[in-house]
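Everything below concerns the one structure shown next.
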Amino acid sequence: MSENKVVLSVQDLSVHYLTQRGALKAVSHTSFDLHKGETLALMGESGCGKSTLNLALMRLLPGNARVPNGAIVYTRRDGSTVDVLKMNQDRLRRFRWSECAMVFQAALNSLNPVLRVRDMFYDTARAHGETNHHKVRRRALELFRKVRLDPERVFNAYPHELSGGMRQRVLIALGLLLDPQIVILDEPTTAVDILTQRTIIDVLLSIKDELNFSIIFISHDLSVAAEMADTVGTMYAGEIVELGPVNDMFYRPRHAYTMGLLEAIPRLSAGAEELTSIPGSPPDLVEPPSGCKFHIRCPFATDICAKETPPMEVVGDGHSAACWHADQVYARALQFTGAES
Ligand code: ATP
Ligand code: MG
């Protein structure tokens with residue numbers, strides 16, 4: 001579980017993409033803190049800005065992206081702080097991998113086919129000044145054991161000799177090679193079958209406990225988020241609209257959009273006719289709606305929602321939401337989930 005120390009503090013961060021139609025506001029004025037040892041899951045529909053937010057944290061945004069405002073304050077192990085947005089290239093290179101590593105879903109199929117796994121490890125270590133092959137090998141084999149891979153075989157294998165789930169675990173091990181404080185996982189279980197998904201979740205839960213790093217985790221599968229996360233953030237149209245402890249988010253949500261996501265989960269006890277999905281589609285991010293960006297699709301919306309942007313307000317211990325009708329949502333959620341208030 002997480003300690004109270006903040007390792008990454010994202011403050012009022014925005015990311016725009018320059019497009020033919022104008023600036024597309026992929027992330028808008030987003031703030032959150034990631035604590036030491038905490039796992040934060042981000043959920044939200046396709047296109048809401050989850051990947052953009054995480055790419056921004058590592059400054060891996062594509063060339064047409066701009067960061068008009070915000071700070072990303074990283075706390076080193078010695079307690080000193082630095083704004084990732086202000087790092088020079090040299091510092092940034094050290095920050096990536098050794099402080100903060102990212103495992104992309106897309107990387108699964110982009111492993112260089114002519115490089116053995118061991119060469120990926122040696123190359124990554126060398127890029128960060130570690131040229132002692134024995135040391136790198138020892139660390140790699142230790143990590144393979146932790147992620148439940150046959151160490152010797154995998155170390156010497158070519159990517160095509162490994163299954164998708166094994167490659168995914170190789171990437172997780174590679175991410176941990178330089179002992180980072182933060183690991184960002186963008187849809188780590190999306191393209192794998194359900195048993196492989198199970199293995200990856202188990203592996204992540206056990207190494208996380210052992211190595212005590214923090215995780216930012218993106219998944220379309222809310223059951224994976226529920227199982228992995230300490231904290232859950234709901235993103236809608238580029239904003240984190242609700243953030244809180246996993247149980248509060250799933251049983252006592254305060255934002256209409258979080259509620260909508262929960263209602264869209266198929267329940268074993270429910271008949272097919274009871275299954276709802278959120279009507280309408282995500283808004284245009286070049287010209288986003290006024291007020292609360294969700295108001296057009298929201299069953300709770302009233303006049304104020306179209307006019308004024310709701311502020312993020314504290315609604316419980318470590319729990320905040322930006323919804324004008326948080327109380328009504330809460331009452332409905334208690335009915336729906338049967339949770340105690
Ligand atoms: P998914 O769940 O599908 O991965 P996401 O939440 O990760 O979605 P992003 O990929 O961050 O969403 O995209 C946020 C918005 O930015 C979307 O509207 C997307 O179309 C847009 N976008 C992403 N990359 C670019 C780019 N390079 N240029 C212009 N627009 C982009
Ligand atoms: Mg994405």
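From a predicted model like this one, the values you see are computed outputs, not experimental measurements. First listed ligand is number 1; within each ligand, the first listed atom is number 1.
At a heavy-atom cutoff of 4.0 Å, ligand 1 is contacted by no atom of Leu53, backbone or side chain.
Regarding atom 11 (O) of ligand 1, its nearest protein heavy-atom neighbour is Thr52 OG1, 2.5 Å. In this structure, atom 19 (C) of ligand 1 lies nearest to the protein heavy atom Leu24 CD2, 4.8 Å. From the protein, the heavy atom lying nearest to atom 10 (O) of ligand 1 is Ser51 CB, 4.0 Å. In this structure, atom 23 (C) of ligand 1 lies nearest to the protein heavy atom Tyr17 CE1, 3.4 Å. For atom 14 (C) of ligand 1, the closest non-hydrogen atom of the protein is Gly47 O, 3.3 Å. In this structure, the protein non-hydrogen atom closest to atom 3 (O) of ligand 1 is Ser46 OG, 2.5 Å. Among all protein heavy atoms, the one lying closest to atom 28 (N) of ligand 1 is Asn64 ND2, 2.9 Å.
Within the structure, ligand 1 has Glu187 among the residues with a heavy atom less than 4.0 angstrom away.
For the residue pair Ser320/Glu242, the side-chain donor-acceptor check at 3.5 Å is not satisfied. With hydrogens and angles left out, the side-chain atoms of Ser9 and Tyr74 include no donor and acceptor closer than 3.5 Å. With no hydrogens or angles considered, a side-chain donor-acceptor pair links Ser80 and Asp78 at under 3.5 Å. Side chains of Tyr122 and Arg116: no donor on one and acceptor on the other come within 3.5 Å.
In terms of polar-atom proximity, Gly49 is counted as a contact of ligand 1, with an N or O under 3.5 Å from an N or O of the ligand. Inclusion of Leu285 in the set of residues having an N or O under 3.5 Å from an N or O of ligand 1 is not warranted.
Within 6.0 Å of the CD atom in Gln89, the count of heavy atoms belonging to other residues, nucleotides or ligands does not exceed 12. Applying the 6.0 Å contact sphere to CZ of Arg91 captures no more than 12 heavy atoms from other residues, nucleotides or ligands.
When distances to the Mg ion (ligand 2) are checked against a cut-off of 2.8 Å, Thr52 contributes no N, O or S atom below that limit.
Figure legend: Arg254 and Tyr330 shown as a cation-pi pair, the cationic atom lying under 6.0 angstrom from the six-membered ring centre and within 45 degrees of its axis.
At a threshold of 4.0 Å, the pair Glu287-Lys25 does not count as salt-bridged, since none of the basic side-chain nitrogens sits closer than that to a carboxylate oxygen.
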One pair to check against side chain to side chain contact (heavy atoms under 4.5 Å, CB included): Leu185 and Ile215. What are the steps and the verdict?
CA-CA 7 Å; Leu185 297 153; Ile215 297 180; 3.7 Å; yes

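Numbered from 1 in the order shown, with element, the atoms of ligand 1 that lie under 4.0 Å from a heavy atom of Pro62 read 27 (N).
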